[in-house]
Amino acid sequence: MNQVKYIFVTGGVTSSLGKGIIAASLAKLLQARGYRTTIQKFDPYINVDPGTLNPYEHGECYVTDDGAETDLDLGHYERFLNFPTSQANNVTTGRVYLSVIEKERRGEFLGKTVQVVPHITNEIKERMQLLGNTGNYDIVITEIGGTVGDIESLPYIESVRQLVWELGEGNGIVVHLTLVPYLAAAGELKTKPTQHSVKTLMESGIKADILVCRTEHEISDELRNKLALFCNVKREAVIQSIDASTIYEVPNLMLEEGLDVVALKKLDLPKKAAPDLKNWNVFLHRLKNPKHVVNIGLIGKYVELQDSYKSILEAFIHAGAANETKVNVVSVHSEYIDASNVAEKFKELDGILVAPGFGERGIEGKIEAVRYARENNIPFLGICLGMQMAVIEYARNVLGYKDANSTEMNSGTSHPVIDLMEEQKSITDKGGTMRLGAWKCDIKENTLAYKIYNNTSILERHRHRYEFNGDYLAELEKAGLKASGVNPETGLVEIVEIEKHPFFIGVQYHPEYKSTVANPHPLFVNFVAATVKAKQK
Ligand code: GLN
């Protein structure tokens with residue numbers, strides 16, 4: 001087996017510099033040169049996974065095929081690389097400690113004092129090499145969450161230091177991402193924060209091999225020389241990462257800057273062929289030259305934070321490009337929607353998406369949004385909770401069950417059209433206990449779902465506890481809300497749709513997680529197409 005090469009990506013100066021995008025862009029270029037590349041993310045927080053986190057904390061929780069609840073950066077990895085990630089691609093401090101403590105309880109440390117160094121760092125190093133050891137990859141990129149100098153990052157930085165040393169010259173390198181801020185008052189870009197950040201890294205025994213400098217303005221040659229000299233890196237290893245109009249531009253920008261070539265050189269690997277970005281650039285061209293514009297309402301309750309619905313927003317970008325359409329996603333806070341203002345709030349919308357979510361807040365506004373879309377023939381897509389709201393709306397306003405609800409919101413409802421699954425009823429732990437990951441769904445022919453997927457069997461990713469209550473299926477179907485997709489093993493309803501509507505579909509799963517640049521999700525592609533058509537009418 002060839003030596004697997006490791007690239008570690010650390011961040012300095014501030015958070016939110018876009019480490020995930022830089023890591024994904026580098027991976028994309030290496031992949032496009034013919035290297036089998038994967039990315040993993042190590043997060044310093046103590047939650048075992050982000051599944052228990054409110055979206056306001058770190059944005060959406062991304063779900064993989066194998067049912068891991070992970071950091072949203074894994075979504076970027078999949079969207080860029082078009083390759084599924086797994087539980088192994090995301091590790092948190094909580095998971096590391098949990099596993100070390102379980103080993104301690106089993107007596108595996110043979111009476112030793114269990115310590116951060118070496119036990120925690122060993123566990124981290126082991127996990128850093130897990131994907132590399134599968135033999136499936138030539139290069140493994142590891143993104144370290146947080147910012148160097150943070151107390152909670154220390155064990156990771158120390159693990160990187162040890163591992164780079166153990167792997168030996170040319171087998172492990174460190175890419176450090178920093179900020180070169182522009183001071184308007186001085187009219188200058190400033191390198192000092194970067195110098196300090198590199199110094200902090202150095203104090204932990206790590207010398208950055210490559211510096212990626214985030215900046216709003218072009219970094220001059222003079223400044224690049226200065227950064228190289230004072231940060232102790234080669235001149236060619238000072239990479240500018242200037243603000244881009246879209247994240248999907250970043251691989252091209254990194255190619256121009258030669259990030260992939262310097263990385264390969266430092267890893268003693270041949271450049272191979274120039275990266276083949278033909279399809280990627282076709283996508284970019286379509287994205288930047290739209291022929292149509294539509295407004296799609298995103299009805300949710302976490303709309304203040306863009307990252308809460310990250311994968312949905314990205315799926316619209318992919319689907320928009322596929323339709324040569326600019327999709328303006330209009331965030332509408334569901335808490336403030338009611339029957340008196342819905343027409344006014346939605347008057348510019350060509351389509352309505354009711355978002356996933358948990359808990360009671362903003363529910364009535366979502367139901368109102370569904371009613372408006374249904375009655376006015378506006379293209380509608382309901383995702384997870386959005387699908388459940390569509391079922392509740394139908395039961396209330398078509399079947400006349402005024403208090404129909406999900407038992408998540410009202411446990412005493414006389415019409416629990418959405419209810420907890422039997423196997424969920426005894427579960428008390430919140431972490432990792434939902435219906436998670438990829439599940440099969442059989443699609444009935446002659447339905448909208450079939451038209452969209454052109455397939456009778458699909459796999460989609462789930463993250464929920466509550467389900468369509470089968471007791472109401474016959475009644476709802478008779479009234480016009482059809483179950484067009486059903487889980488083959490359990491019979492659980494996964495897709496509902498209304499025949500007598502131009503485009504009305506609700507899905508219990510999350511299609512957004514599977515949309516990539518190379519494979520825009522058919523549900524989003526068809527939904528956007530329906531909005532274009534609706535607008536033209
Ligand atoms: N709260 C709902 C459930 O648990 C929906 C979850 C979601 O939208 N992801 O079933």
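Note that ligands are numbered from 1 as they come in the structure, with each ligand's atoms numbered from 1 the same way. Values below: all heavy atoms of this structure, side chains included; hydrogens, waters and symmetry mates excluded. Just so it is clear, the structure is predicted and the values come from calculations on it, not from any experiment.
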*Which protein residues have a heavy atom under 4.0 Å from ligand 1?*
Pro356, Gly357, Phe358, Cys384, Leu385, Gln388, Glu408, Arg463, His464, Arg465, Tyr466, His510
*Mind jotting down which residue pairs meet the side chain to side chain donor-acceptor pair (under 3.5 Å) criterion with at least one end in residues 349-358? Sequence neighbours excluded, please.*
none
_With sequence neighbours excluded, residues passing side chain to side chain contact (heavy atoms under 4.5 Å, CB included) with Glu104_ = Phe109, Val114
_Pairing of Glu408 and Arg465 as salt bridge, 4.0 angstrom limit_ = no
*Cationic N near anionic O, under 4.0 Å, Arg435 to Glu494*: yes
*asked:* Taking side chain to side chain donor-acceptor pair (under 3.5 Å) as the definition, give me every residue that meets it alongside Arg106, ordered by chain and number, with sequence neighbours left out.
replied: Glu108
_If only side-chain N and O atoms count, and only distance matters, is there a donor-acceptor pair under 3.5 Å linking Glu78 with Tyr62?_
yes
